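Taking it in order: structure first as structure tokens, then the write-up.
Every value quoted in this text rests on a predicted model; they were computed, and no experiment measured them.
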Amino acid sequence: MRNKLKFGDFIIIGVVLVMAGALAAALTFHSSGDKLYAEVWQNDTLVERVQLTDATDRTIKLDGNTIVLSGKTAKMADADCRDQVCVRTGTLTHAGQAAVCLPHRVVLKLVGVNDSGIDAVVS
């Protein structure tokens, strides 16, 4: 026997599609403004906040970690810890990305003008 869709089924399908579309639009068009900042945190304390521009060219050394800011990108270039997870994170290019070095409790995070900053650092 063939199952027939009822009017209520179409309403539910439509609501689900609208919600999925709204979520996709929010994720795609989420704008943190034109300004992008690199924040360097250690032990849950903001050490430096640098606005990234096309002309940014800076190296920050902190407790065995080397952070390189270049243009509108940032990366943890070197760390003197054994696992090197933060270095393997690679280049950060947009707000919300982060590289974390747990042994040194150093966090490199990119934030936009509307972002509140870091959520937490594991102790």
(Q) Please give me the minimum heavy-atom distance between Leu69 and Ala74, naming the atom from each residue. (A) CD2-CB, 3.4 Å
Q | Residue pairs fulfilling salt bridge (Lys or Arg N to Asp or Glu O under 4.0 Å) with at least one residue in residues 77-104, sequence neighbours excluded | A | none
Q) How close do Tyr37 and Arg49 get, heavy atom to heavy atom, and via which atoms? A) CD1-NH2, 3.2 Å
Q: Please step through side-chain hydrogen bond (donor to acceptor under 3.5 Å, both in side chains) for the pair Asp63 and His104, ending with a clear verdict.
A: CA-CA 7 Å; Asp63 197 20; His104 298 127; 4.9 Å; no
**Q.** Co-membership, hydrophobic cluster, residues Val68 and Val107, 4.5 Å side-chain
**A.** no
Q: Please name the pair of heavy atoms, one in Val87 and one in Ala77, separated by the smallest distance, quoted to 0.1 Å.
A: CG1-O, 3.7 Å
Q) For Ile13, what residues pass the side chain to side chain contact (heavy atoms under 4.5 Å, CB included) criterion, not counting sequence neighbours? A) Leu17
**Q.** Where Lys75 and Gly90 come nearest, the two heavy atoms and their spacing
**A.** CB-O, 3.6 Å
Q) If you round to the nearest 0.5 Å, how far is CG of Leu52 from NE2 of His94? A) 13.5 Å
Q) Between Gly112 and Ala95, which heavy-atom pair has the shortest distance, and what is it? A) N-CB, 3.6 Å
Q: Give the intermediate values and the outcome of side chain to side chain contact (heavy atoms under 4.5 Å, CB included) for residues Val47 and Ile60.
A: CA-CA 10 Å; Val47 176; Ile60 300 168; over 6 Å; no
Q. Please walk me through it: do Thr93 and Lys72 pass side chain to side chain contact (heavy atoms under 4.5 Å, CB included)?
A. CA-CA 7 Å; Thr93 58; Lys72 292 186 177 180; over 6 Å; no
Q. Is Val85 reachable from Ile67 through a run of hydrophobic residues whose side-chain heavy atoms are each under 4.5 Å from the next?
A. no
Q | Asn65 and Cys86, any side-chain heavy atoms less than 4.5 Å apart | A | yes
Q: Locate the shortest heavy-atom distance separating Met76 from Leu108; write the atom from each residue and the value.
A: N-CD2, 3.9 Å
**Q.** Results of side chain to side chain contact (heavy atoms under 4.5 Å, CB included) for Val15 - residues two or more places apart only
**A.** Ile11, Met19
